[in-house]
There are 2 protein chains.
Amino acid sequence: MTKEEDILKKHISKHRLKVTKERYAVLKAFMALERHITAEELYRHMKDKGASVGLATIYRTLNLFCESGLAEQRQFGDGQARYELTYNVNHHDHLICRQCNKIIEFENREIEKLQEEVAKKHHFKIFSHRLELYGTCATCTKNNK
Amino acid sequence: MTKEEDILKKHISKHRLKVTKERYAVLKAFMALERHITAEELYRHMKDKGASVGLATIYRTLNLFCESGLAEQRQFGDGQARYELTYNVNHHDHLICRQCNKIIEFENREIEKLQEEVAKKHHFKIFSHRLELYGTCATCTKNNK
DNA sequence: TCTAAATTGAGAATCATTATCATAATCAAT
DNA sequence: ATTGATTATGATAATGATTCTCAATTTAGA
Ligand SMILES: [Mn+2]
Ligand SMILES: [Mn+2]
Ligand SMILES: [Zn+2]
Ligand SMILES: [Zn+2]
């Protein structure tokens, strides 16, 4: 059993939910695919692979992952939520290329620290934050010439 | 004529659009109301004041303001777009209280500078960015005790 | 004033996500 | 293993914010 399966199972038993093959199938596919995936993308992928699960269940299960602390939902402004496994992944923010939709992750402790200072100055308790830089990636900039 | 009206007019003539009383009415109401307003809120407000304009026109006009550089659209994750006049307003980011929905603005040149460094490191050209800190404001924290 | 082009408003359409609900699966107690 | 209560699933309907459609109206330049 992977550590992720274990975390999911713990969350399930803690909340009197039930272990199902669908939940394992979604977790397996979710972990196999690349980060920042869409519910629809995950649905299509599983359908193509024969491990079909209803789209509503995909949504429900991705939300379950988020509640269990395995994953996080992102909104990059294209109208579709994206999900990524964040268990055992360092916190990071994103650069998003508006041209090719590439998503680049970065970590910057200095920025995080300054954010905390801003919050402290306003006596504000931060639960979460989002920092996204939108623009054109190196590859697209090169190709534009 | 206010400077904002002037900017709108210039944008209109530049794009061969037309000056209408509806556009002026929306601008006037938009400027009178507080920042980070919703299309629906603006619509209701104008309806109550007798300066009624169709909801579709509110959306169209707010988008026009964004295109003309007068305003910017924000997405704070509650499913509704919010708009704020940004002409002659310093760039800023936001603290959002999840409890009372208060929105606090802040400016931090250090963070902006670090963002530029991150982009440079990835040879990424930034067009825009969003930084939002979500949590509980000072007032709500006090009231929670 | 005349006319082409743009705008408006009411309602339909869109689209991602959630809700509904009948059926099926799970699980704890027996 | 069987039972029974509870939860999950999946097909589909519903939702809700925003955009689209289109006939009627308004604007702006000649
Ligand atoms: Mn990421
Ligand atoms: Mn603001
Ligand atoms: Zn790119
Ligand atoms: Zn608050």
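Owing to the predicted nature of the structure, the values given are computational and were not obtained by experimental measurement. Hydrogens, waters and symmetry mates play no part in the numbers below; they use all other heavy atoms, side chains included. Numbered from 1 within each chain, the chains take letters A, B, ... in sequence-line order.
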Taking for each residue the nucleotide of DNA chain C with the nearest heavy atom, is it B:Arg16 or B:Tyr43 whose nucleotide lies nearer the 5' end? B:Arg16
Does any part of the side chain of A:His94, heavy atoms only, come nearer than 4.5 Å to the side chain of A:His36, both counted from C-beta? yes
Give the rounded distance in Å between these two atoms: [atom1] of [X] and [atom2] of [N].
X: A:Leu62; N: C:dT18; atom1: CG; atom2: C1'; value: 14 Å
X: B:His15; N: C:dA5; atom1: NE2; atom2: P; value: 19 Å
X: B:Lys47; N: C:dG9; atom1: NZ; atom2: P; value: 11 Å
X: A:Ile12; N: D:dT9; atom1: CD1; atom2: C1'; value: 14 Å
X: B:Leu64; N: C:dA6; atom1: CG; atom2: C1'; value: 12 Å
X: A:Glu67; N: D:dA8; atom1: CD; atom2: P; value: 11 Å

Please confirm whether the ring centroid of A:Tyr83 lies under 6.0 Å from the ring centroid of A:Phe65.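 That pair fails the under 6.0 Å test.
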N or O in side chain of B:Arg23 less than 4.0 angstrom from C:dT7 OP1/OP2: yes
Okay, side chain of [X], backbone of [Y]: is any donor-acceptor separation there less than 3.5 Å?
X: A:Arg35; Y: A:Ile103; answer: no
X: A:Arg23; Y: A:Lys18; answer: yes
X: A:Thr2; Y: A:Glu5; answer: yes

Decide whether A:Lys28 and A:Tyr24 meet the rule of one side-chain donor and one side-chain acceptor closer than 3.5 Å. no
I need a per-nucleotide contact map over nucleotides 17-27 of chain D, read 5' to 3'. Cutoff is protein heavy atoms under 4.0 Å; write B for the base, S for backbone only, - otherwise. SSBBB----SB
